[in-house]
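Here the structure is laid out as structure tokens; the discussion comes afterwards.
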Amino acid sequence: MLQQTPVVRVIPRLEAWLERWPTPADLAASPPGDAVRAWDNLGYPRRALWLHAAAMQIVERHGGAVPRDVDALLALTGIGDYTARAVAVFSFGDRHPVVDTNTRRVIARAVLGQGQPGPPHGRRDLAAMDALLPDDVAESTVVNAGMMELGAVVCVARTPLCDACPLRDACAWRAAGYPAYDGPTKAIQKAYEGSDRHVRGLIMRELRAAHTPVTDAEIATLWPDQTQRDRALAGLLADGLAVRSPTPDAPGYLLP
DNA sequence: TAAGCGTGGAG
DNA sequence: TCTCCAAGCTT
């Protein structure tokens, strides 16, 4: 849920989610569409599908217990470098480098003296964080958490609170006089308004609200451009976020 | 490797 | 208003 999503928006949804599905087996026993509906407007609904798939994999491969091994975690659908290590570190207390957007920003500033992190680079980012971790396992988990928290609360993207920062006397960026960032720029985010993502979002909102098949006519009311509509719907079908109604008497589209 | 993938809040 | 950005992942 936290992938590319602010913490404050996740918390209430997470609590409701865990009340309904306390274990992976509970989630795996529900249809994937229920997960997509409970996901509601958190964004990137594929994550709900992936989480459901991961729950099924955890039941099949690991007897319903979330694995502790990073490679086993990485093998789960929707679990990447960040999430796998976050689980291994924060749930199991093991020693691995956890690198998220906050960590990358703190390293860029405090260590490299740059105002912003460059584009993410998996191996290099992991190695950079690994070099900062103390050997002691318990201490390493605190450093992992501390780097993330510092980036989330103090060393924030827009207006960092440098005067209140516990690293102010050790920060390379501060020591260099806060030079403007001139390195490689991160990929520009395209406009959402009128994009395919926008149309997909409109269709998904309709599918989540409906408990009977959504017809082509209803989808047609959501967006004027048929070509773009068709492309969005085809994408949702390909992603498994929508399925065709199995009953000929009630044609249309449903959550899986 | 780079593009595609939602949504909403803050400055 | 508009731009940026938010505990990334997959193809």
Side-chain angles (χ1 to χ4, degrees), chain A residues 1-14 36-37 39-54 57 70 73-91 96-108 115-126 129 141 143-161 181 184-208 222-223 228 231-242:
Chain A
M1 287 179 175
L2 288 164
Q3 294 166 0
Q4 295 284 280
T5 305
V7 176
V8 288
R9 202 182 308 168
V10 164
I11 291 173
R13 212 64 53 86
L14 174 66
V36 175
R37 186 172 280 112
W39 200 262
D40 196 34
N41 62 342
L42 258 189
Y44 292 138
R46 292 193 291 193
R47 294 181 297 168
L49 223 45
W50 291 341
L51 183 53
H52 181 272
Q57 292 158 4
V70 169
L73 287 161
L74 285 170
L76 299 171
T77 303
I79 306 297
D81 283 333
Y82 161 71
T83 309
R85 289 173 178 79
V87 170
V89 169
F90 300 129
S91 181
H96 304 280
V98 179
V99 178
D100 76 330
T101 187
N102 296 299
T103 302
R104 295 188 340 96
R105 187 171 50 248
V106 173
I107 291 175
Q116 302 175 34
H121 188 293
R123 293 195 54 79
R124 192 167 58 218
D125 294 340
L126 287 171
M129 184 58 188
T141 65
V143 172
N144 272 314
M147 291 284 279
M148 290 177 63
E149 194 69 7
L150 189 68
V153 175
V154 177
C155 193
V156 295
R158 297 282 185 86
T159 52
L161 310 175
Y181 179 72
T185 169
K186 59 185 71 171
I188 14 129
Q189 192 170 352
K190 290 183 187 168
Y192 180 71
E193 189 69 26
S195 66
D196 283 5
R197 291 157 94 152
H198 186 177
V199 182
R200 285 170 59 108
L202 293 173
I203 296 174
M204 284 307 299
R205 185 168 65 179
E206 198 72 12
L207 292 177
R208 286 195 304 265
L222 300 176
W223 193 256
Q228 198 176 9
R231 192 167 59 230
L233 185 55
L236 293 174
L237 288 166
D239 290 344
L241 284 166

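Throughout, protein chains are lettered first and strands after them, A, B, ... in sequence-line order, and every chain is numbered starting at 1.
Atom CD of A:Q189 and atom P of B:dG8 are 14 Å apart (whole Å). Note: CG (A:D125) to C1' (B:dT1) measures 15 Å, nearest angstrom. B:dG6 atom C1' lies 15 Å from atom CE of A:M1, rounded to whole Å. Note: CH2 (A:W39) to P (C:dG8) measures 12 Å, nearest angstrom. Counting to the nearest Å, the C1' atom of C:dT10 and the CG atom of A:L49 are 13 Å from each other.
When the C1' atom is compared between C:dT10 and B:dG8, the two are found 24 Å apart, to the nearest whole Å. As rounded to the nearest Å, C:dA7 and B:dA3 have P atoms that lie 23 Å from one another.
Of the side-chain N and O atoms in A:T83, one or more sit less than 4.0 angstrom from OP1 or OP2 of C:dC9. At C:dA7, one or more side-chain N or O atoms of A:N102 fall inside 4.0 Å of OP1 or OP2 (strictly under the cut-off). Between A:K190 and B:dG4 there is a side-chain polar atom (N or O) within less than 4.0 angstrom of OP1 or OP2. Between A:Q3 and the phosphate of C:dG8, there is no side-chain N or O to OP1/OP2 separation shorter than 4.0 Å. Distances shorter than 4.0 Å separate none of the side-chain N or O atoms of A:R47 from OP1 or OP2 on B:dC5. For A:R46, no side-chain nitrogen or oxygen approaches OP1 or OP2 of C:dT11 to under 4.0 Å. At B:dT7, one or more side-chain N or O atoms of A:Y192 fall inside 4.0 Å of OP1 or OP2 (strictly under the cut-off).
Among the heavy atoms of the strands lying under 4.0 Å from A:D81 are primed sugar atoms or P, OP1, OP2 only; no base atom is included. Among the protein residues, A:R208 comes within range of the sugar-phosphate backbone only, with heavy atoms under 4.0 Å from sugar or phosphate atoms but none that close to a base. Using a 4.0 Å heavy-atom criterion, one finds that A:R200 contacts the sugar-phosphate atoms exclusively. Counting non-hydrogen atoms under 4.0 angstrom, A:P119 reaches nothing in the nucleic acid. At a threshold of 4.0 angstrom between heavy atoms, the contacts of A:R104 with the nucleic acid are absent. In this structure, A:A86 reaches neither bases nor backbone, as no heavy-atom distance under 4.0 Å exists between it and the strands shown. Counting any heavy atom pair closer than 4.0 Å across all strands shown, A:I79 reaches sugar-phosphate atoms only and no base atom.
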Check: Do A:R85 and A:D81 pass the salt bridge (charged side-chain N to carboxylate O under 4.0 Å, His left out) test, and can you show the C-alpha distance, the side-chain angles, and the key distance before you say yes or no?
Finding: CA-CA 6 Å; A:R85 289 173 178 79; A:D81 283 333; 3.3 Å; yes
Margin query: For a side chain to side chain contact (heavy atoms under 4.5 Å, CB included) check, start with the C-alpha distance between A:V98 and A:T103, then their side-chain angles and the critical distance, and finish with the verdict.
Written below: CA-CA 8 Å; A:V98 179; A:T103 302; 5.7 Å; no
Margin query: Pair A:W223, A:H198 - check side chain to side chain contact (heavy atoms under 4.5 Å, CB included), show working.
Written below: CA-CA 10 Å; A:W223 193 256; A:H198 186 177; 4.0 Å; yes
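Distances were taken from every side-chain heavy atom of A:Y82 (C-beta onward) to each of C:dA6, C:dC9, B:dG6; the shortest belongs to C:dC9. Looking at the side chain of A:P6, the nearest of the listed nucleotides C:dA6, B:dT7, B:dG6 is C:dA6. When distances are taken from the side chain of A:D100 to each of C:dA6, C:dA7, B:dC5, the shortest belongs to C:dA7. Of all nucleotides listed (B:dG9, B:dC5, C:dA6), B:dG9 comes nearest to the side chain of A:R158. Listed nucleotides C:dA7, B:dT7, B:dC5 differ in distance to A:T101; the shortest reach to its side chain belongs to C:dA7. Distances from the side chain of A:A157 to the nucleotides C:dC9, C:dC5, B:dG6 place C:dC5 closest.
Proximity of a side-chain donor or acceptor of A:W50 to a complementary backbone N or O of A:A54 within less than 3.5 Å is not detected.
Toward the 5′ end of DNA chain C lies the nearest nucleotide of A:R9, the other residue of the pair A:W50 and A:R9 mapping further downstream. Each of A:H121 and A:G201 has a nearest nucleotide on DNA chain B; the 5'-most of these lies closest to A:H121.
Between the side chain of A:T5 and the base of B:dG6, a donor-acceptor pair under 3.5 Å is found.
Contact between A:V36 and A:R208 at its shortest, heavy atoms only, is O-CD, 3.6 Å.
The line from CG of A:L42 to CD of A:Q4 is 13.0 Å long, rounded to the nearest 0.5 Å. Expressed to the nearest 0.5 Å, how far CE of A:M148 lies from CG of A:N102 amounts to 6.0 Å.
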